[in-house]
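Heads up, the thing below is written out as structure tokens.
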Protein chains: 2
Amino acid sequence: MEEINLILAKNLKALRESKKLSLEKVAELTGVSKTMIGQIERGESSPTITTIWKIANGLKISFSSLIDHPRPETTVVLKSDIQTLSEDNGKYLVYPLFPFEADKRFEVYSIEIEAGGFHRADSHQEGTEEFLTIFEGELTVRLNDDQYILKNGDSIRFKADKPHSYLNTGKTLTRLSMILYYPN
Amino acid sequence: MEEINLILAKNLKALRESKKLSLEKVAELTGVSKTMIGQIERGESSPTITTIWKIANGLKISFSSLIDHPRPETTVVLKSDIQTLSEDNGKYLVYPLFPFEADKRFEVYSIEIEAGGFHRADSHQEGTEEFLTIFEGELTVRLNDDQYILKNGDSIRFKADKPHSYLNTGKTLTRLSMILYYPN
DNA sequence: ACAATACAGTCGTTATATTGTATATAAAGG
DNA sequence: CCTTTATATACAATATAACGACTGTATTGT
């Protein structure tokens, strides 16, 4: 996940050069010092929102043209490159595949649970939904007082704004895909 | 034009309350101190883009939900309330009616030019277009080496990224509407 | 009514964004 | 080659964003 100030840096520099403006000219148009403009373009500063506002208004450009980062056509995520999170003494392993970005509404994880592995999730924010699919092994999901036993190929969807838990009730490793969706 | 940090303040506070979160909880979710969250909500601080980023990500909300200000259904602008700009010894008077906002692509002015009044505009940024309509009197517009004489009811559109000038060649006051459009 | 807790706000300190001035670098003209 | 000009960066001073620890005020529970 690229740093936001670097995105801003690239956008601003590209915009300025496309308009063929000097730092000084931009400073004059926006009321932000030439020094600051330069630092922002080099990613050396994380400007305040008022500064960004001045820049957007002075240059007559939209706010989003400054913070949008051109999402690459293709993104490849190699399992070996993922920084995992583990719980239950390493028996519950989380692979963040496509983390949340402010312009998406969901994020994707892959989970591996060893036999007997357990995880209890606190309730997520209001409205959040979870979509699970089992790709290997067996999983028991508990919500409220209900309990669901899922096997390879099975899926489940539920509102995750209440506490819930996962338990590998099989004898082998369980692997599943988890999508978290934030409707709000 | 409302201050951007006040817009942010309202949005954040409304969002937090709609999720029924305390300042402390938001601090925990976002990694931004409780104090700062509070100050932002009260409009006492103009956060940096990295903190806004942390907030958007931590709360799983879009960037724009923080900076969008619900544009009121209706806006009335009374001529008597407008802060005018004048040039040519007050013979060229500008009324900014609907100034630029980062989420629009144009702005609207009304211009009054006394008989003989003159104004020379430097070239605006690349691609900018101007749309004029005469509502009273007569106006001569000069672009490059061309010259256009417009009378009551006439209109003109031109690329304003070159120097151009306006001259009231009539004997009475000229009033016109000017729209500046920024396609980029 | 009292204690316990959760919550929001204040205060002092530190980190850093922002500015104005000064310096470096490169391109252009004579 | 040496100026001149335009442009980008480096530096020092100030303003302010950001944090952690503390205080005040509701709210809850028994």
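Just so we're on the same page: letters track the sequence lines, and every chain starts at 1.
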Check against side chain to side chain donor-acceptor pair (under 3.5 Å), B/Glu107 and B/Tyr182: CA-CA 9 Å; B/Glu107 53 190 335; B/Tyr182 308 93; 2.4 Å; yes
Go through the structure and list residues passing side-chain contact (heavy atoms from CB on, under 4.5 Å) with A/Lys54, not counting sequence neighbours. A/Val32
Report the distance from atom NZ of A/Lys54 to atom C1' of C/dT18, rounded to the nearest whole Å. 9 Å
Is any side-chain nitrogen or oxygen of A/Thr51 closer than 4.0 Å to OP1 or OP2 of C/dT18? yes
Taking only residues two or more places apart in sequence or in another chain, which ones pass side-chain hydrogen bond (donor to acceptor under 3.5 Å, both in side chains) with A/Thr133? A/Ser155
Nearest whole Å is fine: how far is D/dA8 P from A/Leu12 CG? 11 Å
Classify every nucleotide of nucleotides 6-12 of chain C by which part a protein heavy atom approaches to under 4.0 Å, writing B for the base, S for the sugar-phosphate alone and - for neither, in 5'-to-3' order. -SBBBB-
Rounded to whole Å, CD of B/Glu28 lies from P of D/dC19 at a distance of 15 Å
If you measure only the distance, is there a donor-acceptor pair under 3.5 Å linking the side chains of A/Ser46 and B/Thr48? no
Between P of C/dA17 and CD1 of A/Ile4, the distance in whole Å: 14 Å
NA contact type, A/Ser33, heavy-atom cut-off 4.0 Å: base, sugar-phosphate, or nothing? base
Phosphate oxygens OP1/OP2 of C/dT16: is one of them under 4.0 Å from a side-chain N or O of A/Ser46? no
Is it the case that B/Asn168 and B/Thr174 place a side-chain donor and acceptor less than 3.5 Å from each other? yes
Between the CD1 atom in A/Ile52 and the CG atom in A/Leu12, the distance rounded to the nearest 0.5 Å is 10.0 Å
Could you give the CE-to-C1' distance, from B/Met36 to D/dA21, as a whole number of Å? 15 Å
